[in-house]
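Right, one structure below, let's go through it.
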Amino acid sequence: CKQWHKSTATRGHDRVVNSIVDAARSCGTPCTSQPPLVPHHPHSRKHGDIYFEAHFLEGRSVVADVTIVHPVVGNPTSAGAAPVATWQPRALAARALAKLSKHKS
């Protein structure tokens, strides 16, 4: 993600994370996206992006891990030509599986 187009995707990721945190806080849901305060997975030691405190869902804390993916990829046909959009039907499912496997023990 950070290597894609000079970290543009990372900045987009952070904007989505910040928007979710702002929306949750505006509804009275205490949460944080500060890395030292977001707990890691007990088996993989990987960190999520947002931590929602315990009273959010019946006494259970929730950690969210945000991913940005789009199922349409642009491919230039030749120098100076407009990109041709290619639909990647499995892109969303593949990214979801990759994200889930990241946090499995």
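These numbers come from a predicted model, not from an experiment.
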Contacts of Pro39 that satisfy side chain to side chain contact (heavy atoms under 4.5 Å, CB included) - sequence neighbours left out = Tyr51, Val63
Donor-acceptor contact below 3.5 Å, side chain Asp49 vs main chain Val17 = no
Side chain to side chain contact (heavy atoms under 4.5 Å, CB included) involving Arg25 - partner list, sequence neighbours excluded | Val21, Cys31, Thr32
Residues joined to Leu97 in its hydrophobic cluster, side chain to side chain under 4.5 Å directly or through other members, sorted by chain and number, are none
At their closest point, which heavy atom of Ser61 faces which heavy atom of Glu53, and how far apart are they?
-> OG-C, 4.2 Å
Between His13 (side chain) and Val66 (backbone), is there a donor-acceptor pair under 3.5 Å?
-> yes
Are Val16 and Val62 joined in one hydrophobic group, where the rule is that I, L, V, M, F, W and Y side chains link up if heavy atoms are under 4.5 Å apart?
-> yes
